[in-house]
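So that the names make sense, note that chain A is the first sequence line, chain B the second, and so on, each numbered from 1.
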Number of protein chains: 2
Amino acid sequence: MNFKPEEDILEKYLSSKGLKNSQQRLDVLRVFLETEAHLTPEELHALVKKKFKTIGIATIYRTLKLLCNCGLAKELLLESGATRYEHSYGHNHHDHLICTQCGKVLEVIDPEIEKLQEQLARKHQFYTERHRMEIYGVCRQCKK
Amino acid sequence: MNFKPEEDILEKYLSSKGLKNSQQRLDVLRVFLETEAHLTPEELHALVKKKFKTIGIATIYRTLKLLCNCGLAKELLLESGATRYEHSYGHNHHDHLICTQCGKVLEVIDPEIEKLQEQLARKHQFYTERHRMEIYGVCRQCKK
DNA sequence: TTATCTGCAAAGCCTTTGCACTTAG
DNA sequence: CTAAGTGCAAAGGCTTTGCAGATAA
C-alpha cells in the first residue's frame with residue numbers, strides 16, 4: 001500500500017489494463033501531485049526533469065493521457081490556447097475563475113448555477129453529459 | 001451602401017485602418033454569412049472555394065482574424081479541439097448547448113445564470129471581463 | 001522471456017509567415 | 001505609383017508516432 005491513494009489508483013489501473021508500473025509513470029504522477037497549479041505538458045516536463053533528468057516529453061504526454069483515463073487528471077482547455085491539466089482525484093466538479101493578468105485559476109462552485117444549467121438544458125431537450133463554465137477577469141491582487 | 005450591414009461594417013473597418021477592400025475579403029465574408037453553422041477555417045475554405053476556386057487557406061485565416069477584430073465573427077474553442085467561428089454581428093452574448101453525437105450547436109441565454117455568475121465572481125473579488133459556458137449533451141433527435 | 005515502455009527524432013496537425021506577383025486606392 | 005493583399009510553399013508550435021534499446025512482470 002502506497003502512502004498516496006493516487007499512487008494506488010494508478011497502479012491498479014495499469015495492472016487491470018495489462019500495462020506496466022514503470023518508474024517514469026510514478027515520477028510523473030508524483031511531480032504532478034506536488035503542485036496545485038494547472039500545468040501545461042511542457043511545464044510539467046520541466047518540473048519532472050529537475051528530479052529525473054532523462055525524462056522525455058513524449059512520456060509526459062503519454063502519462064498525462066493515462067492519468068486522465070484513470071481519473072487522476074483532467075484536461076483543461078482555456079482560452080489562452082495552451083492545454084493544461086488539473087488534479088481530478090478528490091476534486092468534485094467545479095468551474096473556473098481565471099485572472100487574465102496573472103493567469104491564476106480559482107476553482108469555484110455554485111449549486112444554484114448548476115441547477116439552472118440543468119434546467120436550461122432540459123428546456124431545450126438536451127440530455128446533459130457535462131458542462132463547463134469559465135469566468136475571465138482580473139483578480140483582486142492584479143486590480144490594485 | 002451595401003445590401004448587408006455586415007459588408008458596410010467590414011468596409012468601414014478596413015478603410016479606417018488603411019487596409020484594402022479586396023474582392024477576396026468580401027467573398028469570404030459573404031460565404032461566412034450564408035451559413036448559420038459554426039465553421040472551422042478549413043470548412044469555410046471549402047465553401048468559399050466552390051464559388052471562388054483560387055482562394056487560399058491563408059486568406060481565410062487572415063480574413064477570419066479581421067472579421068473578429070471588427071466584431072463580425074467570434075472564435076469558439078469547443079472541446080472537440082477544432083477552432084470554430086460564429087457570427088457575431090447582431091448576436092448578443094450567449095452560451096452554447098452542444099450535441100456530442102451530431103455536433104449541433106444551440107445558442108442559448110439565461111439571464112438568471114448570468115446574474116449568478118456575476119455574483120459568484122464578485123464574491124471572489126474578481127472583476128469580470130467575460131465568461132463562457134457550454135453544456136455538452138445529447139439533443140432530442142439523437143436521443144431517439 | 002517477451003510484451004510493454006522509454007527517449008529520441010521524425011512525422012502530423014493546424015496556423016502563421018516570407019516572398020514574388022497582383023491589386024486597390 | 002505604391003502600400004497592402006494574395007496564393008503558395010515553407011516554417012512554426014504543439015502533439016503523436018515509429019523505432020531500437022531497455023525494463024517490468
Would you mind classifying the nucleic acid contact of [X] as base, sugar-phosphate or nothing, using non-hydrogen atoms under 4.0 angstrom?
{"X": "Ile57(A)", "answer": "nothing"}
{"X": "Lys17(A)", "answer": "nothing"}
{"X": "Thr40(A)", "answer": "nothing"}
{"X": "Lys53(A)", "answer": "nothing"}

| field | Donor-acceptor contact below 3.5 Å, side chain Ser88(A) vs main chain Gly71(A) | value | yes
Just how far, in rounded Å, is [atom2] of [N] from [atom1] of [X]?
{"X": "Leu26(B)", "N": "dT6(D)", "atom1": "CG", "atom2": "P", "value": "11 Å"}
{"X": "Lys49(A)", "N": "dT6(C)", "atom1": "NZ", "atom2": "C1'", "value": "14 Å"}
{"X": "Leu44(B)", "N": "dT15(C)", "atom1": "CG", "atom2": "P", "value": "12 Å"}
{"X": "Leu14(A)", "N": "dA3(C)", "atom1": "CG", "atom2": "C1'", "value": "15 Å"}
{"X": "His45(B)", "N": "dT6(D)", "atom1": "NE2", "atom2": "P", "value": "12 Å"}
{"X": "Glu75(A)", "N": "dC14(D)", "atom1": "CD", "atom2": "C1'", "value": "12 Å"}
{"X": "Leu39(B)", "N": "dT15(C)", "atom1": "CG", "atom2": "P", "value": "13 Å"}
{"X": "Ile55(B)", "N": "dT23(C)", "atom1": "CD1", "atom2": "P", "value": "13 Å"}

| message | Assess whether a salt bridge exists between Glu86(B) and Arg84(B), defined as any Lys/Arg side-chain N lying under 4.0 Å from an Asp/Glu carboxylate O. | response |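 Between Arg84(B) and Glu86(B) there is no salt bridge, as every charged N stays at least 4.0 Å from the carboxylate O atoms.
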Are there any protein N/O atoms within less than 3.5 Å of an N/O atom in nucleotides 22-25 of chain D, and if so, which ones and at what distance?
unit_1  : atom_1 : unit_2   : atom_2 : d
dT23(D) : O2     : Lys20(A) : NZ     : 3.3
dA24(D) : N3     : Lys20(A) : NZ     : 3.1
dA25(D) : OP1    : Asn21(A) : N      : 3.2

| Leu44(B), Tyr61(B): one ILVMFWY side-chain cluster at the under-4.5 Å cut-off? | no
| request: Indicate, with yes or no, if Leu77(B) and Val105(B) share a hydrophobic cluster defined by side-chain heavy-atom contacts under 4.5 Å among Ile, Leu, Val, Met, Phe, Trp and Tyr. | output: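 No.
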| field | Options dA9(C), dG7(D), dC14(C), nucleotide nearest the side-chain atoms of Glu42(B) | value |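 Comparing dA9(C), dG7(D), dC14(C) against the side chain of Glu42(B), the answer is dC14(C).
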Counting only side-chain nitrogens and oxygens, does [X] get under 4.0 Å of the OP1 or OP2 atom of [N]?
{"X": "Thr59(A)", "N": "dC5(C)", "value": "no"}
{"X": "Arg25(B)", "N": "dA24(C)", "value": "no"}
{"X": "Tyr61(A)", "N": "dT15(D)", "value": "yes"}
{"X": "Lys65(A)", "N": "dT15(D)", "value": "no"}

| Which residue, Ala82(B) or Arg62(B), contacts DNA chain C at a nucleotide closer to its 5' end, judged by nearest heavy atom? |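 Nearest-nucleotide comparison on DNA chain C picks Ala82(B).
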Return the minimal non-hydrogen interatomic distance between [X] and [Y], and the atom names on each side.
{"X": "Ile135(B)", "Y": "Ala121(A)", "value": "CG2-CB, 4.2 Å"}
{"X": "Thr100(B)", "Y": "Tyr136(B)", "value": "CG2-CB, 3.9 Å"}
{"X": "Cys70(B)", "Y": "Leu10(B)", "value": "SG-CD1, 4.1 Å"}

| said: If you assign each of Gly18(B) and Gly56(B) to its closest nucleotide in DNA chain D, which residue comes earlier from the 5' end? | reply: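 Its nucleotide being nearer the 5' end, the pick is Gly18(B).
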| field | Heavy-atom check, side chain of Ile109(A) versus side chain of Glu114(A), under 4.5 Å | value | yes
